[in-house]
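Working notes for the structure below.
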Amino acid sequence: MSSLPRRLNALLRSPTAVRNGSGAKQLHGQLVKHKGVLSVHTATILSLYASLNLLNDSVLLFEVLRRSYPSATALAWKSVIRCCASAGLSEVAIGYFSQMLASGKRPDQKVFPSVLKSCTLLRDEKLCEAIHGCVVKVGSEEDLYTGNALMNMYAKFHGMAGFENDEIEVFDEMHESNRTYFGRGCSRKDSVRKVFDLMPTRDVVSWNTVIAGNAQNGLYEEAMMMVRKMAETNLPPDSYTLSSILPIFAEYVDVNKGKEIHGYTIRHGFQSDVFIASSLIDMYAKCSRVEDSIHVFRLMPHRDSISWNSTIAACVQNAMFDEGLKYFRFMIKHRMKLMPVTFSSIIPACAHLTALQLGKQLHGYITRAGFINNIFIASSLVDMYAKCGKVEMARHLLNGMGQHDMVSWTAMIMGYALNGHALEAISLFKKMEMDGVRPNYVSFIAVLTACSHAGLVTEAQEYFDGMSKDYGISPGLEHYAAMADLLGRAGKLQEAYELISRMEFEPPGSLWSTLLAACRVHRNVELAENVIDRITRVDPDNIGALVIMSNIYSAAKRYEDAARVRIMIKQKGFRKTPACSWIEVKNKVHAFIAGDESHPFYGKIKEVLQALLDQMEREGYAPDLSEVLHDMGDDEKRQSLQNHSERLAIAFGIISTPPGTAIRIIKNIRMCLDCHKAIKIMSKIVGREITVRDNSRFHHFKDGECSCGDYW
DNA sequence: CGCTCCGTGC
């Protein structure tokens, strides 16, 4: 030691003076030059490398050191463990730790935080308990960083399934004195708080760990209470505190509280914090304020992958699918790393847009990136394929999943429902229950939708009654809507009326409208008058309902009443959603609006439709004019049927794709009875599968039949 | 030693 230059000695005594990697390497070089590899000094260099997070150098030096000196110093062990742990190499860190113990080195508070972090990341409960025992045994339990790491560990495990009722053994087994603190049968749920209460000193990390732990485990009140207590001890919230509590306001949809936090971040100079910005983006999105999300995103000086993900998710969750895709493309253009979350955020956009080609491309990327086993991604793909009418592909993916939860099951059940496979939907629902997965609110919407689309009244009634009786889920609007739709179509109008009347909350106009539509089909004018009265009470501007009512009067030949309602419609300003169908051909979307003659191929389309009509009539088809609502002559009515948007799209599909190719149409509103009849025959004449997805379900036409079995 | 983003909804 004495032969070392004085400057070198000084540096070795206070190595923190070395601030970067090249300084550390120079020091290392000097040392080797003067002394060769010496255990005690090499350990100093190693700890320097570790502090600078130089993973490769740390591990290399440690391996060299232990070869020359099989009993490396405790400092060397602790350094390499710390470096591996902070690099996220949890298994390696734990491996070194057990070798350290085996070589007889005593662990201490300098190494526990890293070890606890690693076994927390590995989600190894048994190991965590053992380490906690170790902490107690060597008396490090009052160490600040160790305590913080222990709290983080228990906070993370609390979120795990089946955890709440487990008992902590470590408190009982390791040290007799612990019993006085924790007692027998103390649950892990309280462990975070218990460690916190026992800490002799706490810093801002201690508070943030408890706050984040509570927030992540849904204990929102508790989290907010701790924030107040933290402030009382004169610790102002920092960026960690703020990004931990913002998700609470997102969950509560409390944009006012969220805005308060936003203001605070600006006043206290946290504008460039990516964590806070991402949680702000998400908070605004969950409060249906996407513009504000995008505003925050635009103002960010530096953006990471998560900021992009949050923004994409913000758009998609607010039904701005094209906008979401735009940010997804920008993200790729900016060479941001695409993460699993990126895909589970963007795939739902493909699902809602029925963008099968894009969805398939993303599926390919996901497979190549090795993300397919991610349950979020896999279930979003199941949903996407199902919503694009590819039920078999969806089921194939579902079967390939290693684990299922209620979301993945429900996505598939709904997929079956939308595609008219009611029995498969029900059998999958039973499979889910047998699998031990509790159906939730949405699962019941799915199974009721399945029943509704197949007319399974008895089954639906059983599920509807069972959801509150057996699962404690009280039916919401969607469940009532499915039941009303089902009962209405089955002609059980009185039952539907009573069901809606008995609801524990005020039925909105949309629910009554469902029943009103059923009244039209089953020509019950008296009930319809009752229903329209209920509708105008809660929703006086419901034009759609008035239109149906006027048609009900017309069909019943009560023309004066019909005229009276039409005047009301005119006074309120009639806005009808134009019927629109679209088809994807060669990566291009072609949209057709009913009666629209502007497509460049319109002449050809008209020819095809006329030729088809001739052949259809030879096969016994006669136009069904019952759903044509306007006051016009029969010839005009026939002509207007010919120009329905789905027919234009189908004709275009026929002329622009090779014979035999399946035709996929998407339509914004329900198709009329005549189109349904006509497309069945068309599918037989042209020998093609034709799929039409309207706003609520699929029709798969093939060989003159439809998958809905004419019940829709 | 601590923080942010993801899938099912008539």
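For the numbers below, each heavy atom of this structure counts, side chains included, while hydrogens, waters and symmetry mates do not. Predicted model, so just to flag it, every value in this text is computed and none were measured. Protein chains get the first letters and strands the later ones, always in sequence-line order, with residue 1 at the start of each.
- Put simply, the side chain of A:Ser244 and the base of B:dC3 share no donor and acceptor less than 3.5 Å apart.
- The base of B:dT4 has none of its N or O atoms less than 3.5 Å from a complementary donor or acceptor on the side chain of A:Ser279.
- Relative to the side chain of A:Lys156, the nucleotides B:dC1, B:dC5, B:dC3 differ in distance, and B:dC3 lies closest.
- A:Val204 comes within contact range of at least one nucleobase, with a heavy-atom separation under 4.0 Å.
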| Residues A:Tyr385, A:His363; criterion side chain to side chain donor-acceptor pair (under 3.5 Å); working and verdict | CA-CA 10 Å; A:Tyr385 278 111; A:His363 184 184; 2.8 Å; yes
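- Contact check, A:Gln109 against B:dC1: no side-chain N or O comes under 4.0 Å of OP1 or OP2.
- Set against B:dC10, B:dC6, B:dT4, the side chain of A:Asp304 has B:dT4 as its closest nucleotide.
- Across all strands shown, A:Leu116 has no heavy atoms under 4.0 Å from either base or sugar-phosphate atoms.
- Under the 4.0 Å criterion applied to side-chain N and carboxylate O atoms, A:Lys257 and A:Glu260 are not assigned as salt-bridge partners.
- A sub-4.0 Å separation between OP1 or OP2 of B:dG7 and a side-chain N or O of A:Lys387 is absent.
- Across all strands shown, A:Val382 has no heavy atoms under 4.0 Å from either base or sugar-phosphate atoms.
- Taking the side chain of A:Ser278 as heavy atoms from C-beta on, and the options B:dT4, B:dC1, B:dC6, the nearest nucleotide is B:dT4.
- In this structure, CD of A:Glu478 is placed 12 Å from C1' of B:dT8, rounded to the nearest angstrom.
- Side-chain contact of A:Ser443 with A:Thr410: a donor-acceptor pair under 3.5 Å is present, judged by distance alone.
- Counting distance only, with no hydrogens placed and no angle test, the side-chain atoms of A:Asn374 and the base atoms of B:dG7 include no donor-acceptor pair under 3.5 Å.
- Among the heavy atoms of the strands, none lies under 4.0 Å from A:Phe343.
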Would you be so kind as to tabulate the donor-acceptor pairs closer than 3.5 Å made by side chains of residues 505-516 of chain A, with sequence neighbours excluded?
from     : atom 1 : to       : atom 2 : distance (Å)
A:Ser513 : OG     : A:Gly509 : O      : 3.0
A:Ser513 : OG     : A:Asn542 : ND2    : 3.4
A:Thr514 : OG1    : A:Ser510 : O      : 3.2

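- If you check every strand for non-hydrogen atoms under 4.0 Å, A:Asp405 touches a base.
- The aromatic rings of A:His268 and A:Phe270 lie parallel to each other, their planes meeting at an angle below 30°, with 60° marking the opposite boundary.
- Which of B:dC10, B:dT4, B:dC1 sits closest to the side chain of A:Ala482 comes down to B:dC10.
- For A:Val341, the listed nucleotide lying nearest its side chain is B:dC6; candidates were B:dG9, B:dT8, B:dC6.
- Here the nucleotide nearest the side chain of A:Pro348, chosen from B:dC5, B:dG7, B:dC6, is B:dG7.
- Here the side chain of A:Ser380 is nearest to one of B:dG9, B:dG7, B:dC3, namely B:dG7.
- Close to B:dC5, at under 4.0 Å from its OP1 or OP2, lies no side-chain N or O of A:Gln317.
- Atom pair A:Phe196:CZ and B:dC1:P shows a separation of 19 Å (rounding to whole Å applied).
- For the strand DNA chain B, secondary-structure stems (runs of at least three Watson-Crick or G-U pairs, all distances below 3.5 Å) are absent.
- Using modelled atom types, one finds no donor on one side chain facing an acceptor on the other under 3.5 Å when comparing A:Tyr711 with A:Arg489.
- Picking from B:dC10, B:dG9, B:dC1 the nucleotide with the shortest atom distance to the side chain of A:Thr449 gives B:dC10.
- The side chain of A:Val407 has B:dT8 as its nearest neighbour among B:dC5, B:dT8, B:dC3.
- Formation of a donor-acceptor pair under 3.5 Å by the A:Asp304 side chain with backbone atoms of A:Ile306 is found in this model.
- Following rounding to the nearest Å, A:Leu477 (CG) and B:dG9 (C1') show an atom-to-atom distance of 11 Å.
- At the heavy-atom level, A:Thr410 lies under 4.0 Å from base atoms of the strands shown.
- One atom, CG of A:Leu448, and another, C1' of B:dC10, lie 10 Å apart when rounded to the nearest Å.
- Note on A:Asp485: nothing from the nucleic acid sits closer than 4.0 angstrom, heavy atoms only.
- Atom CD of A:Glu251 and atom P of B:dC6 are 11 Å apart (whole Å).
- Classification of the A:Phe464-A:Tyr480 ring pair by plane angle, with boundaries at 30° and 60°, yields perpendicular.
- When rounded to the nearest whole Å, the span between CE of A:Met467 and P of B:dT8 equals 19 Å.
- Not a single donor-acceptor pair under 3.5 Å links the side chain of A:Ser344 to the backbone N or O of A:Phe376.
- Of the candidates B:dC3, B:dC5, B:dG9, the closest approach to any side-chain atom of A:Ala313 belongs to B:dC5.
- Note on A:Ser408: a base of the nucleic acid sits closer than 4.0 angstrom, heavy atoms only.
- A donor N or O paired with an acceptor N or O is found under 3.5 Å between the base of B:dG7 and the side-chain atoms of A:Ser379.
- Rounded to whole angstrom, the span from the CD1 atom of A:Ile211 across to the P atom of B:dT4 amounts to 13 Å.
- Distance CG (A:Leu397) to P (B:dT8): 15 Å, rounded to an integer number of Å.
- Classified by interplanar angle (parallel below 30°, tilted 30° to 60°, perpendicular above 60°), the ring pair A:Trp409/A:His404 is tilted.
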